[in-house]
Structure formats: structure tokens, C-alpha cells
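Only a predicted model underlies this, so the values are computations on that prediction, with no experimental measurement involved.
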Number of protein chains: 2
Amino acid sequence: MAHPTLEDVAARAGVSRALVSLVMRGSPKVGKERREAVLKAADELGYRPNIMARGLAAGRTGMAGVLAADLHDPLFASVHDGLADEAARRGVRLLLASGGGRPARERAALGELLDLRLDGLLLAGPRIAAAEIERAAAGCPVAVVGRPVRSSRVDCVTGDDAAAMARAVTRLVELGHRRIACMDLGSGRPRVQQVFKAALAEAGLAPDQDVLWRPGGAATAVVAAGDATGTAALTTLHRAGLDVPGEVSLVVLGDAPGAEVNGVTTVAAPAAELGRLAMAALLDRIGDGGAAREGRRVTVPPVLAERATTGAITP
Amino acid sequence: MAHPTLEDVAARAGVSRALVSLVMRGSPKVGKERREAVLKAADELGYRPNIMARGLAAGRTGMAGVLAADLHDPLFASVHDGLADEAARRGVRLLLASGGGRPARERAALGELLDLRLDGLLLAGPRIAAAEIERAAAGCPVAVVGRPVRSSRVDCVTGDDAAAMARAVTRLVELGHRRIACMDLGSGRPRVQQVFKAALAEAGLAPDQDVLWRPGGAATAVVAAGDATGTAALTTLHRAGLDVPGEVSLVVLGDAPGAEVNGVTTVAAPAAELGRLAMAALLDRIGDGGAAREGRRVTVPPVLAERATTGAITP
DNA sequence: GTGAAAGCGCTAACAG
DNA sequence: CTGTTAGCGCTTTCAC
């Protein structure tokens, strides 16, 4: 028998289907005798409950969906660690789908997840329009991580990139640096420079004539905006013959796996923690059973991991 | 109405449920008139088919499961690109689950995926025992990517690390290198050194007294076994004051995203292609409808991406 | 073409 | 405690 059903188990154990159902769900009100008979029969038959059928009948599945905007983003893997942890802790299974980095695909994946009628949906770094998220939330509990969404019925958990920038700068200032530059591979993003200038100002520093780092500049420290930029920064500094952290200190905003291996000092949102909080919010919302609670809005402060690319300035 | 059903649509359109079902699945044998009425009603109601119910009734879901051993492995994201592409091309939806890098979790995730009764299962780089994979394959079409599994009913698609090593070495030899060293952060893996020696021998070179790279050695080229090792190698070489590729050439086995950004020459299995082939094998198997075909075994040759860390030797 | 009837495998009242 | 009775939302014969 390829896939024995509840009925097969019942027949073999000589009991009714309902009894088997109770046993499978670990109900306490079944006699030890019969329970064991049922378990034995199920085991011998290699019985596995059909989740679809269960979900259909019960009206809930015990599963939550996770939509990853882009599997290539190493951040997602860390977020997922937190997500999975919290879900496991609360006995909820996770099903993932990927947006493949493209809004169109993401939209499609969202639709499929919605059609599965899972108990809830967690959107990780969604790139689709807020209105679409809102619409999804109308039919299913939704939480978002990694992107602020202002909506009454969506919980959302985010990091704080401005705070991260500020943390990087203040740390460098503590170390004695006064001429700090910023590096951004995705250059032209005005927000990065803006945030950088604000952080500088907050630390009581005036930006140099040029905010961005350039070889031969006077900067004694560099803040790299993003993981890719960070790796590139390291390479560039080395190529320029600069000793790190002897001559130049480097702080990277973001915490890709490579950073730890290479001993790069980083400031980043604690991804797993974001994930955990988002999942907690989602499960709470599911638990509330649609008590149209106000959307929870959580911002998590960044974490500094001081490794080997930063040092005190020694004139 | 939170989730209108087929029946609601039928009522609104003034037809029977069966007719709506036909329309929703795009059957050609429905009059234009009625079809449009149904579509209109469905749209107005915001109807979305319930996949669980559909799967239960139809006996197939139109979905395949993908079990990722470890989401942190950037390789998986690339494999998934290929997977998703092929699945989309053939009209199959994908549902992912993660093994979280731990065999125990992976086993659990496999069970959940199995319980969903999807049409097929794709295991990406599984770490669980071959026997467990075999067992899963008894109840559901299964294909494996990234790990060789010899089984009559499992298709599997893998890269070829020995060939990758050989490709790296022959390329370096073409460039004039004769003293080539190997670097392996996960040191102690005997297989790596063994494969390296074999590649050297094949290229007509004798290994130096010591196979592994060491600062101050005479090697003019280094092969780094793995992405992490590659990044570390680059840093180490730079720290040692060596010009790359002026004094030392570097080839990394593996193709993490950072490699391209940093212009590192790599040799790696074409991950997306592996994914595509594995998904194709799985869908073929599903299509065969359990015609206990012999397991397909595909090995894909590695690809050299020559970037900026390799150069001809100029004595 | 179209509608009625019979499930898919399971859960959830409800009587015994 | 146990078995019976209805469905969950959809697909699928099979007559009309």
C-alpha cells in the first residue's frame, strides 16, 4: 500500500477511524490498551497523516508560509534561522517560497502561498507594493521582516540602518578617528550619503569636502555601506598598499558570513533576532484568532562586532 | 466573505459547481458566454482556489517540494535559480523547506514535505543517510542534486570536484605555472589533497615537498579549495605583500557571489544548470507516473570563470 | 455542454 | 471512552 489512510489503520487495529484520529493527535482520552494497538498498526503500515486532508478538515494547518524575496541574500538565511527557531519552539511548521529577486515572481509566489490557506504568512524583505501586502493581510495573518510597512493589520520588524551608520561612526570616533570616509558600491544612493553625513554631524564631525572615500585621501577610517562594498573595500585598501587597521580602519555595515571569516569589523542588525521577533509577532497574531489587533511595529538596534579591521588611531 | 468557495462563485454566476471548476482549470469545453460569466463572478468575489482541497480531490497538487540542506550555502540559491526556472517552464509550483544545516532538522523537514503529498521531491545537497532518501523515494518521486546517491529509483545530478581541481591546475599550467600549491581552510580533509595531487600528476607535475601553500614557499600559483578558503587566500596573499596575479596567481574552487565582485578567477560546477537538470529529471519522473525507471545519474563538468587573479608567468 | 452524485483523507461535533 | 454522522472545497465520473 503506497499511502495507507486513517481507515486502513483503523481496520488493522480493529477500531473506528475517529479513535485513530484521536490517537494520532495525541489526545489524552484514549485508553492505553487501544492507543498502543493503534500506534502499532500505524507503525506497521507506515502510516503518515495527510496534511492536506487534515488542513482541509480542521480549518487550520499548523503551518506558516515564509516568502523570501531573494534567496541569494545571505541575510535571509540568518533571518530564517531565527524564524525557524521560534516556529519550532511553538510547534509550527514552515513552508518557504522564493520571490527570486523579482517582484513579478514574488507576487506569484505570494499568491500560491495564499492559495495554500496556511495559518499565516511571513514576508521577508518583500519588494512588492505595500498595497499588495495589505491586500494579502486581509485574508490571512501577515507579518513582515526587513521592511517597514505601515498598516493596521500587518506586524513588522526591521533593523535600523541609520542607527547602524551612527554606531559605526561613534565607534570610530571613540577609537580616535576624526577623518572618516564612506564607501558605497551601489553609489548614487543618496540615502547612504545622507545618513552618513547625519551620523558624522551627530558625532560632532564635519564631513570632508568629499564624503566618499578616495585613494590618497586623508581619511583614517572607512565605513563601507553593505557587504559587497565591504569586501571590495578591503581589496581596494590592500591594493592601495594601505595597512588595515594600521593606517586605515574599516567598518562594514552588514554581516555576511565572509566578514567573520576574514575578521572584518561590522555593524549590522541581528538578523536571526529580527526573524525570531517577526515570527513571534505572526504567531501571536494567529493565536489571537483575527482579533484585528493594531499592527505591531518593532525596530531592533544594530550590533557591533568588533574584529580585526579597526584599531585606535596612533599618531 | 473571507474566502469564497467554488460554490459561492457558482451561485453568483447562476451555474453549477462543476461548471465553475471546469472554467477555473481552463477547460475548452465551456461556452464563451458562461465562461465569462463565471470569470466575472469569480473576480468580483475575489475567488482563489483552495490548493489543499484541489490536491485532495485531484490526487495531485501541481507542486513539487524542495528540501534545502542549508539555506546559508550560497550555492543553494544558485541551484534554486535553475530549479525554479525549469519548474516554472513546466508549470509546476515549488515549495521549499530547510534542513537548517542539521541532519535532524533535515529529517524532520523531509517528513513534513512527504506528509504534504506533493507530486515530487527535490533534495538539494542532503546530509541525511542514503537509506532515508531511498525510503522517501518509495512513496514519492525523488531527485537529488549535489550529492551522489546510488539508488534505482532516485535521479541524481552532481558536479565533479575532481574535474574542477584538474581544470584549475591545467589552466594554471597553460599559463606557465609549474609550482602550484593548494590551500584548504577545512584542512585535514584528505580528499582535497588527494584530488589535488591527482590533478598535479595528470598535468605531469610532481607535488612539491609540501602540498599545502605556505608563506615564503616557492609556489607561483595557488588553488583554494572552497569559497571561504578563497576569500581567506586572497587576504593572506595580500597580507604577505604578494601581488596577485603579478607574483602569485589564484584560482578558487567554488563560485560565491563575492568572487565575481572581487574579480577572482574560479572553477565551479554551474549551479543553476545542476538545478535545472535535477528538476528536469524529477519532472520527467513524475510525468512517467511511477514507471519505476532506473535512476538517472548525471555529472556536470565544471566551468572556469577567468577573472583578474590569474596571469601568465613571466620569469 | 451541463448538472448531480460520489468521493479524496481527515476532523469535529454528537450521541451512545 | 467509543462509534456515528457530517462535512472541509474541490475534482471527476456519468448520465442528461
Which heavy-atom pair separates [X] from [Y] by the least distance, and what is that distance?
X        : Y        : result
B:Ser98  : B:Leu71  : CB-CD2, 3.7 Å
A:Leu114 : A:Cys140 : CD1-CB, 4.3 Å
B:Pro141 : B:Leu282 : O-CD1, 3.6 Å

**Request:** Measure from the side-chain N and O atoms of B:Glu132 to the backbone N and O of B:Arg107, and report whether any donor-acceptor pair falls under 3.5 Å.
**Result:** no

**Request:** Would you sketch DNA chain C in dot-bracket for me? Only Watson-Crick or G-U wobble pairs with both distances under 3.5 Å count, crossing pairs as [ ], other-strand pairs as |, the rest as dots.
**Result:** |||||||||||.||||

**Request:** Rounded to the nearest 0.5 Å, what's the gap from CZ on B:Arg150 to CD on B:Glu134? Could you check?
**Result:** 10.5 Å

**Prompt:** Tell me, do B:Asn50 and B:Thr5 make a side-chain contact under 4.5 Å, heavy atoms counted?
**Reply:** no

**Request:** Given side-chain contact (heavy atoms from CB on, under 4.5 Å), test B:Val92 with B:Met279 step by step and report yes or no.
**Result:** CA-CA 10 Å; B:Val92 171; B:Met279 184 54 74; 5.6 Å; no

**Asked** What is the distance, rounded to the nearest whole Å, between atom CG of B:Leu19 and atom P of D:dA15?
**Response** 20 Å

**Prompt:** Quick one: A:Lys32 NZ to D:dC1 C1', roughly how many Å, whole number?
**Reply:** 17 Å

**Request:** Sugar-phosphate means primed atoms, P, OP1 and OP2; the rest is base. With that split, encode nucleotides 6-15 of chain C 5' to 3' as B, S or - using protein heavy atoms under 4.0 Å.
**Result:** BBBBBBB---

**Request:** Answer yes or no: are there more than 12 heavy-atom neighbours, outside B:Arg60 itself, under 6.0 Å from its atom CZ?
**Result:** no

